[in-house]
Amino acid sequence: MEKYNPSEFESKWVKVWDEAGIYKAKDFDSKPKKYILFEFPYPSGERLHVGHGRSYTALDAMARKYRMQGYNVLLPIGWDAFGLPAENYAIKMGVNPAVTTKENVANAKAQVKSWGVSIDWDREINTTDPKYYKWTQWIFLKLLEKGLAYQSEVAVNWCPFCKTNLADEEVLADGTHERCSNQTERRMQKQWVLKITAYAERLLEDLKTVNYLPKIRIQQENWIGKSEGVHLKFELKGHPERSEGSSLTVFTTAIDTVFGATFMVIAPEYAQNLHELIPANSQKTVTEYIKNALKKSELERQTQDKTKTGVDTGIKVINPLSGKEIPVFVADYVLSNYGTGAVMGVPGHDTRDFEFAQKYSLPVIIVIKPEENEVIDFWDYNKIKEYRGKSILINSGKYDGMTAKEAKEKLVNELVEKGIGEKTVNFHLRDWVFSRQHYWGEPIPVLHCPKCGIVPIPEDQLPVKLPYVEKYQPTGTGESPLAQMTDWVNTTCPKCGGPAKRETDTMPNWAGSNWYFLGYLITGHPERSEGSSSGVSGRTVWYIPSLDSSVSPQNDIFSENKDIFEYWMPVDLYNGGMEHTTLHLLYSRFIYKFLYDIGVVPTSEPYARRTSHGMVLGPNGEKMSKSRGNVINPDETIKAYGSDTFRLYESFMGPFDQTIAWSEEGVEGCYRFLRRVWVLASQGDALRNQTSQSLKRALAKTIKKVGEDIDKMKFNTAVAAMMELVNAWTADKNGLSNEDLKKFLLILAPFAPFITEELWQRDVESLNSGNLDVKNSNRWSIHQQSWPKFDPKLIEDEETIIVIQVNGKVRSQIRAGSKMREARSEIEALAKSNDRVLKYLEGKEIKKVIFVPGKLINFVI
RNA sequence: GCCGUGGUGGCGGAAUUGGUAGACGCGCAGGACUUAAAAUCCUGUGGUAGCAAUACCGUGCCGGUUCGAUUCCGGCCCUCGGCACCA
């Protein structure tokens, strides 16, 4: 008997499947469609790691099963090749990123192929291909046209190591850059910004229409951070005729505490504009404070110890409800870019305000009290909101005695009526800084004309190709390396014909991933005929990463492919890492909604369902990293055990969404399992004539469980079920018949596509004694067969074990057939006569008998 | 501090409309095969006591509901992830 030696056949099948094109998805097929998507990788110098493997092999198992169940499945891949990782690698190697990216893509592609992922390779994309980023730029122009892209002098996050600006989402809580872990700084700079905040409400609201893993949905909700409240005017004392307005406006979500507002605090940036209101005697200290506060970077303001500082401006305002005169302080704990930049200080019910009031000896008034607790000096408003009993207003004039909820409604109505308040909504979400001062990204397709201002590049001149640059290292001056390319930068204005300069900022690496799942769908376009042939189908790879590939003018691919979008969208299942929940996932939803609004896509949400896979840690339980020396290279695992083992272990290691440490011994166990399958399946025909009834039953149960578990993404228990079956199979004298063996191979196929194909083909050959004719047969491969059926009666008829309990403790058990297990009186009689049970029942009075059909009987004595 | 996850044998984990806790894998122990080792196969494997049948204990901690709780309720501790002066 041959030994199980996966290296002898795995690479063969990769080639055969590729050439036969068995994983191609068909547009407009009459079968129901399933669009299964995983996040496309960025091909840096590192090879794909076991984390990619976890996501890809799991979704591949689903794709394979759905294909077997008669779905028209699309499982595509591409390369997110612009951005910092690729550029940093290129700088390290001293080679232009265009060159290294090409190599890295080739390497990653070879890996994915060797894993046996059932990709439709005709749809491969690359974000750095001009034919692709032409449309990334086109989307930008549309955003510009609709006023959703604008330039603004903004405080940006500057990474001194990567020498570029970053989006808020790319900076971690401790102020470091998520990619390189260096401290970032804040700088003021003119930047392109996308108005994602215009979509805040819809990005939040539409989460209700999609099926996201709850933790993903909640994280998005928190990031968008909607809070409903009130804008409330406080009259300035002694400035009734002021032209800019005679009041200061605060934002509050706790209007029911307004009687407790004993001071107001404004942000330093805001105080700057109120200079003329500040009395002469406090001018000096206030100006000083503002100066110091503004000098501090945002980072310092955030990370320094959170003791509150501030100074009294000398300005007085009137609390519109209590009528009391209150002081206005300036303090840097109030943010200028949230709400109005001014807040009312309610020290009785807000910890920050309380701290501030203590420090500056400001009065504390309690305006809400819990029902039974009479003496308090502070009661957190957050607790009031959750308080189950009644929270009653006190010290609040005519609102005394009302519950907080009641008072809130009445107060809002009164304030709105009087014209001093209005309902408002605020979001934590900020607009998206879209400029990067880097070489390796999509050029922003505009130019600056001294006469006409910002001029978009006309659509028919897209793409604005990234020119070849000798010096692509970041400059550190805040300018892109492109700025040094004077030949490229200096151009003529398409509007007035005068001299103009190109925009030298490029887009962030998120730009290409905003719409890549649409890129996979675009087919049949003339431009697809360029590039190298990918195989027998005659279809070709469309996007080749190359800086000098020619791009001919063409029509709008979006409107031309509308019917294809309608067929495939939305994505049925999208899996990726949790780290992209507030980045890519939110950004791409925003851009997709925009595309929906301008009529190019058929749905308002791109992803019907979003899941995430857990991180794979190193064998020592720590995050894998080179410095820790605990990186597992999938290539080595595959070399030692084969792809099937690698795939099977990735599925078996633990619950899909949970973080798990890699275990080499676990890999070994999966290898042993596959080897046992190999040996058992290779046994001679004489041994495989008929399957025993009990093994038939076990097989039926396994088919059922594996199918259900794949649907539920419980890959680990699906594999465990198959292992269980193999244990039963090993113990069984007869083994599985040919027919049943095939069924088993079919359910194993989504997880271990190579060994099952190899065994399947041997079997087919031995049965038909014909050679495998790939080209002339539609359904030659195991992966083109139908998902096996099982006889539900087999499972139903099985004897079950009925547990006998006395006072809830298990004392014995009896076996019962399918008819018996529902029959209470018979079971009860049997149980009572059971020797072991009798011991406990003897001489005792049975008070109660609890019977759960098919499960247990419990005697309470 | 807030939001979210999770806590089960020596280890990864299984089982929740409340119903035999520990499937499956790893590890370990014993046995078979072998000159020997590796590999493979078989058997056992939560803890305590016992030769054994068996009994008691056992799902982070404390309490509650129930005939019965890993599962439900109340309170607490810890892990990991996210957010964080957001009014």
Side-chain angles (χ1 to χ4, degrees), chain A residues 3 172-174 213-219 221-223 225-227 229 250-254 257 261 265 267 301-304 306-308 331-335 337-346 350-353 355-356 380-382 426-430 578-579 581-582 614-615 617 621 648-649 652-655 657-670 672-673 675-676 679 714 716-727 730-731 801-813 836 839 847-852 854-861:
Chain A
K3 278 169 102 177
L172 303 178
D174 61 359
L213 219 63
K215 63 175 172 182
I216 298 174
R217 194 198 68 234
I218 289 163
Q219 213 168 298
E221 284 170 357
N222 291 344
W223 189 266
K226 181 179 180 175
S227 49
V250 301
F251 172 69
T252 178
T253 56
T257 64
V265 193
R301 272 167 78 170
Q302 274 176 20
T303 51
Q304 274 179 354
K306 303 206 171 159
T307 48
K308 311 281 173 284
D332 62 7
Y333 80 84
V334 175
L335 305 176
N337 54 0
Y338 184 77
T340 61
V343 299
M344 62 184 199
V346 185
D350 183 281
T351 43
R352 284 186 319 263
D353 295 345
E355 200 187 309
F356 195 79
D380 194 337
Y381 188 76
N382 292 319
N426 263 302
F427 293 95
H428 289 187
L429 186 69
R430 305 286 154 81
M578 276 309 282
E579 71 274 20
T581 302
T582 52
M615 221 196 314
L617 303 176
L648 201 74
Y649 176 65
F652 183 61
M653 65 194 303
D657 58 353
Q658 201 169 299
T659 302
I660 307 270
W662 187 266
S663 153
E664 209 55 37
E665 292 76 27
V667 176
E668 184 84 36
C670 289
R672 282 181 206 154
F673 164 75
R675 188 172 50 196
R676 288 171 75 191
V679 171
K714 294 175 73 173
N716 53 331
T717 50
V719 174
M722 289 187 283
M723 287 175 167
E724 239 177 301
L725 180 77
V726 168
N727 289 343
T730 307
I801 289 163
I802 308 281
V803 171
I804 308 171
Q805 295 182 336
V806 178
N807 277 354
K809 290 200 171 172
V810 179
R811 296 303 178 187
S812 187
Q813 45 183 243
R836 292 178 46 190
K839 226 166 65 182
K847 285 186 186 155
K848 204 171 164 189
V849 179
I850 287 143
F851 178 70
V852 183
K855 288 243 166 93
L856 60 76
I857 184 156
N858 185 15
F859 298 102
V860 185
I861 56 172

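Below, chains carry the letters A, B, ... as their sequence lines are ordered, and counting in each starts from 1. Atom set for the values below is all heavy atoms of this structure, side chains included, hydrogens, waters and symmetry mates excluded.
As judged by a 4.0 angstrom heavy-atom cut-off over every strand, A/N716 is placed among residues touching the sugar-phosphate backbone only. When heavy atoms are screened at a 4.0 angstrom cut-off, A/P655 is found touching the sugar-phosphate backbone but no base atom. Within 4.0 Å (heavy atoms only), A/T581 reaches no atom of the nucleic acid at all. Within 4.0 Å of A/I218, counting heavy atoms only, lie sugar-phosphate atoms of the nucleic acid but no base atom. Nucleic acid contact for A/V803: base, since at least one base atom lies under 4.0 Å from a heavy atom of the residue.
The separation of B/C67 from B/G30, taken at their P atoms, amounts to 49 Å, rounded to a whole angstrom. With both ends at atom C1', the span from B/U43 to B/C33 equals 15 Å, rounded to whole Å. B/A14 sits 13 Å from B/G9 when the C1' atoms are compared, rounded to a whole Å. B/U65 and B/U71 have their P atoms separated by 15 Å, with the value rounded to a whole Å. Spacing between B/G46 and B/G22 at atom P, rounded to whole Å, works out to 9 Å. Atom name P, nucleotides B/U5 and B/G74: the rounded distance is 15 Å, in whole Å. For the C1' atoms, the distance from B/G27 to B/G13 is 14 Å, rounded to whole Å. The P atoms of B/C72 and B/U20 are separated by 16 Å, rounded to the nearest whole Å.
Positionally, the nearest nucleotide of RNA chain B for A/K839 lies more toward the 5' end than for the other of A/D353 and A/K839. Mapping A/S227 and A/R836 onto RNA chain B by nearest heavy atom places A/R836 closer to the 5' end of the strand.
Qualifying side chain to side chain contact (heavy atoms under 4.5 Å, CB included) partners for A/I801, counting only residues two or more places apart in sequence or in other chains: A/Q813, A/R815. Looking at residues two or more places apart in sequence or on another chain, you find a side-chain hydrogen bond (donor to acceptor under 3.5 Å, both in side chains) between A/T730 and A/R676. In this structure, the side chain to side chain contact (heavy atoms under 4.5 Å, CB included) partners of A/V810, at least two apart in sequence or on a different chain, are A/V803, A/Q805. Every side chain to side chain contact (heavy atoms under 4.5 Å, CB included) that A/D350 has, sequence neighbours left out, goes to A/R352, A/D353. With sequence neighbours excluded, the residues that form a side-chain hydrogen bond (donor to acceptor under 3.5 Å, both in side chains) with A/E221 are A/R217. Partners of A/K226 under the salt bridge (Lys or Arg N to Asp or Glu O under 4.0 Å) rule, at least two apart in sequence or in another chain, are A/E201. Looking at residues two or more places apart in sequence or on another chain, you find no side-chain hydrogen bond (donor to acceptor under 3.5 Å, both in side chains) involving A/T252.
One atom, CD of A/E355, and another, C1' of B/A87, lie 14 Å apart when rounded to the nearest Å. When rounded to the nearest whole Å, the span between OH of A/Y381 and C1' of B/C2 equals 16 Å. Between the CG atom of A/D657 and the C1' atom of B/C80 there is a distance of 13 Å, given to the nearest Å. Following rounding to the nearest Å, A/I857 (CD1) and B/G19 (C1') show an atom-to-atom distance of 13 Å. Nucleotide B/G4 holds its C1' atom 9 Å from the NZ atom of A/K215, rounded to whole Å. Residue A/N382 contributes atom CG, which lies 8 Å from atom C1' of B/C2 at whole-angstrom precision. Residue A/Q658 contributes atom CD, which lies 15 Å from atom C1' of B/G4 at whole-angstrom precision. A/M722 has its CE atom 16 Å from the P atom of B/A14, to the nearest Å.
Nearest to the side-chain atoms of A/F251 among the listed nucleotides B/G4, B/U40, B/A87 stands B/A87. Here the side chain of A/I660 is nearest to one of B/G19, B/U20, B/G13, namely B/G13.
Atom CE of residue A/M578 and atom CD of residue A/Q219 lie 4.0 Å apart, to the nearest 0.5 angstrom. Between A/F851 atom CZ and A/L856 atom CG the span is 8.5 Å, to the nearest 0.5 Å. Rounding to the nearest 0.5 Å places OG1 of A/T581 at 11.5 Å from CG of A/N222.
Taking the side chain as every heavy atom from C-beta outward, A/P655 and A/I660 approach each other to under 4.5 Å. Side-chain contact check for A/Y333 versus A/V265: some heavy-atom pair is nearer than 4.5 Å. Looking at heavy atoms from C-beta onward, A/Y649 lies out of side-chain contact with A/E664 at the 4.5 angstrom threshold. Contact annotation: the side chain of A/M344 approaches that of A/T257 to within less than 4.5 Å [non-hydrogen atoms, C-beta and beyond]. Between A/M615 and A/T659 there is a side-chain heavy-atom pair separated by less than 4.5 Å.
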Which nucleotides of nucleotides 24-31 of chain B have their base under 4.0 Å from a protein heavy atom (B), which only their sugar-phosphate (S), and which neither (-), written as one string 5' to 3'?
BSSS----

Tabulate protein N/O versus nucleotide N/O from nucleotides 64-73 of chain B, keeping only pairs under 3.5 Å, one per line.
{"residue": "B/C67", "atom": "O2", "partner": "A/N858", "partner atom": "ND2", "Å": "2.1"}

Distances under 3.5 Å between protein N/O atoms and the N/O atoms of nucleotides 15-18 of chain B, please, pair by pair.
{"residue": "B/A15", "atom": "OP1", "partner": "A/K714", "partner atom": "NZ", "Å": "2.8"}

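Base orientation of B/G44: anti (glycosidic angle beyond 90° from 0).
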Please list every donor-acceptor pair under 3.5 Å in which a side-chain atom of residues 716-724 of chain A meets a protein atom from a residue at least two apart or in another chain.
{"residue": "A/T717", "atom": "OG1", "partner": "A/D709", "partner atom": "OD2", "Å": "2.8"}
{"residue": "A/T717", "atom": "OG1", "partner": "A/K714", "partner atom": "O", "Å": "3.1"}

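At B/A87, one or more side-chain N or O atoms of A/Y338 fall inside 4.0 Å of OP1 or OP2 (strictly under the cut-off). Close to B/C83, at under 4.0 Å from its OP1 or OP2, lies no side-chain N or O of A/Q219.
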Parsed dot-bracket for RNA chain B after applying the Watson-Crick and G-U rules with both distances under 3.5 Å and | for other-strand partners is ((((.((..(((......[....)))((((((.......))))))((((....))))..(((((..]....))))))).))))....

